[in-house]
Each structure stands twice: as structure tokens, then as C-alpha cells.
Amino acid sequence: MEISDDKKIGDKELESKNFIHNIIEEDIRTQKYGGRVHTRFPPEPNGYLHIGHAKSICLNFGTATKYNGKCNLRFDDTNPAKEDTEYVDSIKEDVHWLGFDWEGREFYASDYFETLYEYAIKLIKKGKAYVCDLSQEEMGAYRGTVTQPGKDSPYRNRSVEENLHLFEQMRAGVFHDGSKVLRAKIDMAHSNMLMRDPILYRILHTDHHRTGDKWCIYPMYDFAHGQSDSIEGITHSLCTLEFEVHRPLYDWFVKELEIYAPQQIEFARLNLTYTVMSKRKLLTLVKEGIVRGWDDPRMPTICGLRRRGYTPESVRNFAERVGVARRDQVIDVALLEFCVREDLNKKAKRVMGVFNPLKVTVTNYPEGQVEWLEAINNPEDETAGTRQVPFSRELYIERDDFMENPPKKFFRLAPGAEVRLRYAYFLKCEEVVKDTEGNVIELKCSIDPASKGGNSPDGRKVKGTIHWVSANHALKADARLYDRLFLKEDPEDTGEDCDFKVNLNPESLVVKECYVEPFLKDAQKMDKIQFERIGYFCVDPDSTASKLVFNRTVTLKDSWAKIAGKEEGADNK
RNA sequence: UGUCCAAUGGUGUAGUGGUAGCACAGCAGAUUUUGGUUCUGUUAGCCUAGGUUCGAGUCCUGGUUGGACAACCA
């Protein structure tokens, strides 16, 4: 796979520093690893990647790039019961989409099963590991608690020969699942629970997605991860804070095994307001049909963000801006939204689309006449060029752009008021047509023919410019208006006996039919556009030749909504 | 009633003993054929009590608050 130019990593992302970079620069200075920098991104292939993983991906790959080092993609596949190639494929796609390349260094912990087995033998021979027959419940009891020391297993003092023999038999499939484990012999009274003779291997007669039925014993995370780092020559093993307590064990293994020692450095995982991030909760959303799947545009998964219309650059920029530190972080989702607006503002073509149509008849414009008017595709990018937009006697404008009794600061259309139709004419409202119930159903307006293109030769100013489409030329399309999935900043902030689902936003998806200009008829799936004055959208893969489907990525900032909101608040006082 | 980790504006993040800075959010204004963008200004911060020092956000000690740790998960 090639990485296209627009996915290349920008200089900006290489400039900033964090505490990990400080450590690395010191290590380079002291030649701790001969000046090498080698990181890795180590997902377990048991689920889809989310924005939190994106932070880790950007940190690991970005750090390698910054210091002319390397970053491996390594699948931590030591639990065959949960893992699958389906996830391997999606993870590779997502990492690549983000703009990173592992240059063929695609590794698997399962690649090292044989070496890991030999490492275990070495530990047994040193008297540092033993086969234990305690049941799961018994082992729990022997382990003690965080405030009380554990006690030694009765199997702790088996001879090296017996342990060797038993471990060989474990591998040979002599024992059934759960009947025996291999444990490290460390200290059952250690203040760190993980050092109380942790399990190295368990028996699992389950086929592995890569090694098939070759193994019926599998290494635990702690015995596999650090040694995999060591085998790959990783210098800085970056992981999240919850692995901090594992570090003494990580160091213990490389020391006892007398192998190359990478260093583990922990950083805070990413949390977002109005968002749940745990795999379990995301799975709940999918399984219960609350969202349409892992790539539902409301999901914080990378594939969800992609379908929502986020760009790799915007996600990378976000990862850069959130920073890397050791205190828990809850990032305002507004920062994510800012990042995507920032990128899309530079890239998205502007087009007009009407979401809540109100019919306008231009009474002084001849029936049947059509003019094609020139419109700028992107004021932020001259190379985006221009397009032609059809104008005719019958138009649709946005219902919100007309008020019969407007407040002072309302610059849009009102009886007797004049606005500019973008790229077209000044338009004046002459008459309001209502149905029998008093609802406004149509506006009869006139244009100033001299103002064609949007400026009047007499220098007359209008304060408002509104968007429109020609009724007979407009395409009907579906718009999926996405919003935050949860109503509360902290979805976990629930009453007693409630779970996060009580905080779901019932309007996180509103489907609307809209009218868009004919320019869009050739739009391709995943194309990103801005409907002027509305928001950024992308073309959903569900689109067909006969009907386009647009996903709202994010709204435009709306300072009118703020003003209007304040007026309303004032009225209520 | 344990061990470890953390604490800087609303949210994040810099500051490595010497004038607390940046981003987002907020507020005010300018520009504008998107009430978008852009630009300008502005509100707001070192958890606490001691100690070391000429000088402490930074170093030390105690406290407070928050987090992690008792899967044959990773």
C-alpha cells in the first residue's frame, strides 16, 4: 500500500515535545541504546481501534519519525479465545488510513511462542518458575488482597526436574484447561499484587488464528509483551498508565532472562467528553443496535470517524494538540470538532443545499428562464476553481432564513426586507403566503436585476446573504444529521441503578431530506463538502446513483444561534 | 485501611531554581457575497501547610483530592 501525499506527516507534528521526548533525547545524548529509537504500536486484535488508540498510534509512529527511528506494528495475540484476523485487517486499515507505515514490520506475539517457551524453560531451570496446580478460586485466596500479603502455593517448591517435566506435559496436551499453570517465583508478600507469583502460561485447548492447533498453552500478557519488545529491539515501550504497576514485572523478566532490556514508559490514556471509550461499552452500543455498527458515524472508532467525514490530518492534529502527560485527561470534544473544521475549511468545496425548504417565487423573473451563475468553490483555495449554479423563478430557501416578525439583529429575510441570494441577486420579500392554519408556505419576492452576481451598481448594501437552490434543478438527497451520542459531558454520570445508556441523546441522528444544487450529481463516496452556512458533510457509502446520502461531519460555528439564544433568554426574564 | 502515580485558567498542555506561556472553550470588537473563515483585544491558573533558598509552579516533608492495582484479559 502506498501512502498518498496528503497523508504525509506535517512538520508541525514533529516540532512539539512532551515528557517522553525529553526522556528519549536524554537517552540519545547518553547513547543508552546507541542513539537508536524504536517504538511499537501493540494492539490486541480483539476489537476495533478508537480515537484513544489513535493517540497512541500517533505518539508511537510520530516519535519514531521525529527521531529517525522505526515503529513496528505488533499484534498482541496471546489470547486465542478473543482474537481474530477480522480485527487484524481492520487495525491495519485504520493505522494506514491515519497515515502511518510500518514498512513491513508487521509482527505478532505469536511469532515468538517458541522463543517465549524457551524463556520459560530458562526461568524454570533458574528456579524462578514453577508449575502450580491450584484452582482459580484457590489461587485467588492464596493471593491475598491489596492490603494483606498472600501465602505461598503448596506447589511452590517442586524440583526443577519435576517442573520441567510437568511444563513439557502441559505443552504436550496432557492436562485439561485450567488444571495447571506456570508461575513465576517472586514474592507472595510483595506490595505489588502483580509480583505475587504471576501466571506465565495457562492451558487453553483453543485454536489460534495464526498458529492453529500447534499450541495448547499460551503466554500471559506480562510474559509476552516485554519479551516481544526485547526480541524486536524496542527502545521505548510506550503504554498507558494502567500498565504502570506492571513495570516492575516487565523489568524483572528481562533481568532474570538476561536479555536486552527496553524501557516501558507510561502516559495517560485519552478520554473525551460526551463519549464512551471502553471496548465493552462500545460493544454494547453495537450489539444492542443503538448504533448501526462499529463504523457508525457516531462512534469514536477510527472507522466511525472516517465515515463521519474526519480526515487523517484532523485526527493527527488532534492527537498532537491533546498532548502527552501522566495525569488523567478528559478532552473537550469541541477540540476534536475544531480540528476537523480547521482541516475541512481548507479542503472542502462549498456548495448550497436547503434542509428546511421554504418556497420563494421571484415574481419579476420570467417563467421558464434559467441563468447559470458563477460560484466560487472554495474561498480558502483558489485552485478549487468555480462552478455554475442555475437560477430560475422558483427557488427554495431555508425556513430559518425568514422571519415574519424579526428581532433587531436579524439580518435575513423578512416582509419588506432585502437580502442577497448568494452569487445571484438582491431579493426583496413582497408578500407572505399562508395556508388556512396560518403557516407560511410561500414567499413572493422580487429581485433587483441590476444586482446580478450579488452586488448592486448603486452601492447599496445588504447585511445578509442567504443560500438557495433552484426548485426545478435541485437534487433531492438524504442528509444524516449526526450529533453527540450522549447528552451529558460524562455519560457515566447517572442515577443509581442506571447505566450510561440513560444519557443517550435521542437526537444523535436525525435523517432529513434536503435539496442540493445539481453540481453534486457526480459526487463520489466519501467526498467532503461544505453546505454553506450549514456545516461540513461527506458522501456516505450508502449513496446510490439515484440518491445521494450526506453525513454531517460537524456544523459550522454558528454565532447567530448564540445571539438568538440570548435574545430568547432575555425574553424569558 | 496497603503500595504506587498524579495535581498549573472551564478543558488540555508548556515551564528542567530567576517576568507563568500556548491551544480549545468563553467574552468583546474589526473584516466578510457563508452570522463561516481571518484578524485584534480580553476574562480566567500554580491543591494545601510547613521547610530549603537571596529567590520555589519547579527541590524536601506532611496533609488534601483524584487515579491505578486483588482475570488462568490485554
Side-chain angles (χ1 to χ4, degrees), chain A residues 16-19 22 42-44 46 76-79 81-83 109 132 134-136 139-140 143-150 177-183 190-194 196 198-204 217-218 220-222 224-225 239-248 266 268 273 279 320-339 341-342 345-346 350 352 375-376 379-380 409-412 419-424 426 453-455 462-467 489 530-536 555-564:
Chain A
S16 66
K17 284 214 292 185
N18 54 53
F19 83 97
N22 291 339
E44 182 188 11
N46 72 339
D76 230 327
D77 56 348
T78 56
N79 185 359
K82 291 185 175 175
E83 297 149 5
C132 182
L134 249 28
S135 71
Q136 210 162 140
M139 205 177 291
R143 191 156 32 225
T145 69
V146 288
T147 54
Q148 289 173 312
D177 288 6
S179 58
K180 284 181 169 50
V181 292
L182 182 73
R183 303 175 71 177
H190 201 109
S191 61
N192 181 341
M193 299 287 294
L194 286 156
R196 320 241 265 226
I199 295 171
L200 270 36
Y201 272 89
R202 76 282 215 189
I203 301 170
L204 237 41
I217 55 170
Y218 292 94
M220 297 289 288
Y221 164 84
D222 285 300
H225 197 94
C239 61
T240 45
L241 247 27
E242 67 268 28
F243 291 99
E244 187 170 16
V245 288
H246 294 246
R247 187 166 10 110
E266 311 86 19
T273 56
K279 273 182 186 171
E320 186 57 53
R321 282 168 198 260
V322 299
V324 180
R326 286 176 62 82
R327 58 186 125 154
D328 297 328
Q329 62 174 197
V330 184
I331 303 289
D332 190 340
V333 74
L335 180 62
L336 218 209
E337 295 171 346
F338 167 83
C339 288
R341 282 194 192 103
E342 181 190 42
N345 177 49
K346 292 181 291 189
R350 273 62 168 172
M352 294 192 284
I376 294 165
E380 308 295 320
K409 287 179 183 165
F410 187 80
F411 305 142
R412 286 116 90 147
V419 291
R420 172 165 38 230
L421 292 175
R422 178 136 237 228
Y423 300 123
F426 285 5
N455 281 307
V462 290
K463 194 94 173 163
T465 301
I466 64 171
H467 61 275
E489 258 191 45
Q530 182 199 102
F531 281 120
E532 293 212 26
R533 307 208 300 136
I534 305 285
Y536 293 101
T555 60
L556 252 31
K557 277 198 354 193
D558 187 354
S559 49
W560 166 245
K562 275 179 197 166
I563 297 167

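Below, read A as the first sequence line, B as the second, and so on, with proteins coming before strands; counting in each chain starts at 1. Every value quoted in this text rests on a predicted model; they were computed, and no experiment measured them.
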Validation row: [X], [Y] side chains within 4.5 angstrom (heavy atoms):
| X | Y | answer |
| --- | --- | --- |
| A:E44 | A:T78 | no |
| A:T465 | A:E532 | no |
| A:R422 | A:R533 | no |
| A:M220 | A:P198 | no |
| A:F410 | A:I563 | no |
| A:L194 | A:D222 | yes |

May I ask you to say what [X] touches in the nucleic acid, namely base, sugar-phosphate or nothing, with a heavy-atom cut-off under 4.0 Å?
| X | result |
| --- | --- |
| A:P42 | nothing |
| A:V462 | nothing |
| A:N455 | base |
| A:L134 | base |
| A:N22 | base |
| A:R412 | base |
| A:E337 | nothing |
| A:L556 | base |
| A:R326 | sugar-phosphate |
| A:F426 | nothing |

Would you kindly compare A:P379 and A:I331 by the position of their nearest RNA chain B nucleotide and give the one closer to the 5′ end?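 Looking at RNA chain B, the more 5' nearest nucleotide goes with A:I331.
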Let me spell it out: for each of A:V330 and A:Y536, pick the nucleotide of RNA chain B with the closest heavy atom. Which residue's pick is nearer the 5' end?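 Closer to the 5' end of RNA chain B: A:V330.
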Nearest whole Å is fine: how far is [N] [atom2] from [X] [atom1]?
| X | N | atom1 | atom2 | value |
| --- | --- | --- | --- | --- |
| A:F19 | B:C5 | CZ | C1' | 11 Å |
| A:H467 | B:U34 | NE2 | P | 13 Å |
| A:R196 | B:C72 | CZ | P | 14 Å |
| A:E532 | B:G35 | CD | C1' | 13 Å |
| A:E342 | B:G36 | CD | P | 17 Å |
| A:N345 | B:C39 | CG | P | 11 Å |
| A:K17 | B:U13 | NZ | P | 17 Å |
| A:K463 | B:A30 | NZ | C1' | 11 Å |

Return yes if the base of [N] and the side-chain atoms of [X] contain a donor-acceptor N/O pair under 3.5 Å, otherwise no.
| X | N | result |
| --- | --- | --- |
| A:E380 | B:G36 | yes |
| A:N18 | B:U13 | no |
| A:Q530 | B:U34 | yes |

Base-paired stems in RNA chain B, each at least three Watson-Crick or G-U pairs under 3.5 Å: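 Runs of three or more consecutive pairs: B:2-7 with B:64-69, B:10-13 with B:21-24, B:26-30 with B:38-42, B:47-51 with B:59-63.
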Syn or anti for B:A68, please, going by whether the chi angle lies within 90° of 0.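 The base of B:A68 is oriented anti (glycosidic angle more than 90° from 0).
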Between [N] and [M], how far apart are the two [atom1] atoms, rounded to whole Å?
| N | M | atom1 | answer |
| --- | --- | --- | --- |
| B:A20 | B:G9 | P | 16 Å |
| B:C60 | B:G21 | C1' | 27 Å |
| B:U38 | B:G17 | P | 37 Å |
| B:U11 | B:C69 | C1' | 28 Å |
| B:U64 | B:A74 | P | 37 Å |
| B:U13 | B:C54 | C1' | 32 Å |
| B:U19 | B:G41 | P | 23 Å |
| B:A7 | B:U48 | C1' | 11 Å |

Under 4.0 angstrom between [X] side-chain N/O and [N] OP1 or OP2:
| X | N | value |
| --- | --- | --- |
| A:R420 | B:U34 | no |
| A:T465 | B:U32 | no |
| A:T78 | B:A74 | yes |

Test A:M139 against A:V181 for side-chain contact (heavy atoms from CB on, under 4.5 Å), laying out the working first. CA-CA 11 Å; A:M139 205 177 291; A:V181 292; 3.6 Å; yes
So A:Y221 and A:H246, would you call those rings parallel, tilted or perpendicular, with 30° and 60° as cut-offs?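 Aromatic pair A:Y221/A:H246 classed perpendicular.
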Evaluate side-chain contact (heavy atoms from CB on, under 4.5 Å) for A:V324 paired with A:F19, printing each intermediate quantity in order. CA-CA 7 Å; A:V324 180; A:F19 83 97; 3.9 Å; yes
Ring-on-base stacking B:A74 with A:Y221 (under 5.5 Å, under 30°):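 No, A:Y221 does not stack on the base of B:A74.
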Apply side-chain contact (heavy atoms from CB on, under 4.5 Å) to residues A:L335 and A:V322 and explain how you reach the verdict. CA-CA 8 Å; A:L335 180 62; A:V322 299; 4.1 Å; yes
For every nucleotide of nucleotides 23-29 of chain B, 5' to 3': is a protein heavy atom under 4.0 Å from its base (B), only from its sugar-phosphate (S), or from neither (-)? SS-SSS-
In B/S/- notation, 5' to 3', how is nucleotides 60-71 of chain B contacted by protein heavy atoms closer than 4.0 Å? -------SSBBS
Quick check for you: among B:G12, B:U34, B:C73, whose closest atom lies nearest to any side-chain atom of A:N79?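 Within the option list, the nearest is B:C73.
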Would you confirm whether [X], through its side chain, and [Y], through its main-chain N or O, come within 3.5 Å as a donor-acceptor pair?
| X | Y | answer |
| --- | --- | --- |
| A:Q148 | A:G144 | no |
| A:D77 | A:A109 | yes |
| A:R412 | A:V419 | no |
| A:R350 | A:Q530 | no |

Has A:K279 got more than 12 heavy atoms of other residues, nucleotides or ligands less than 6.0 Å from its NZ?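 It does: A:K279 NZ has more than 12 such atoms within range.
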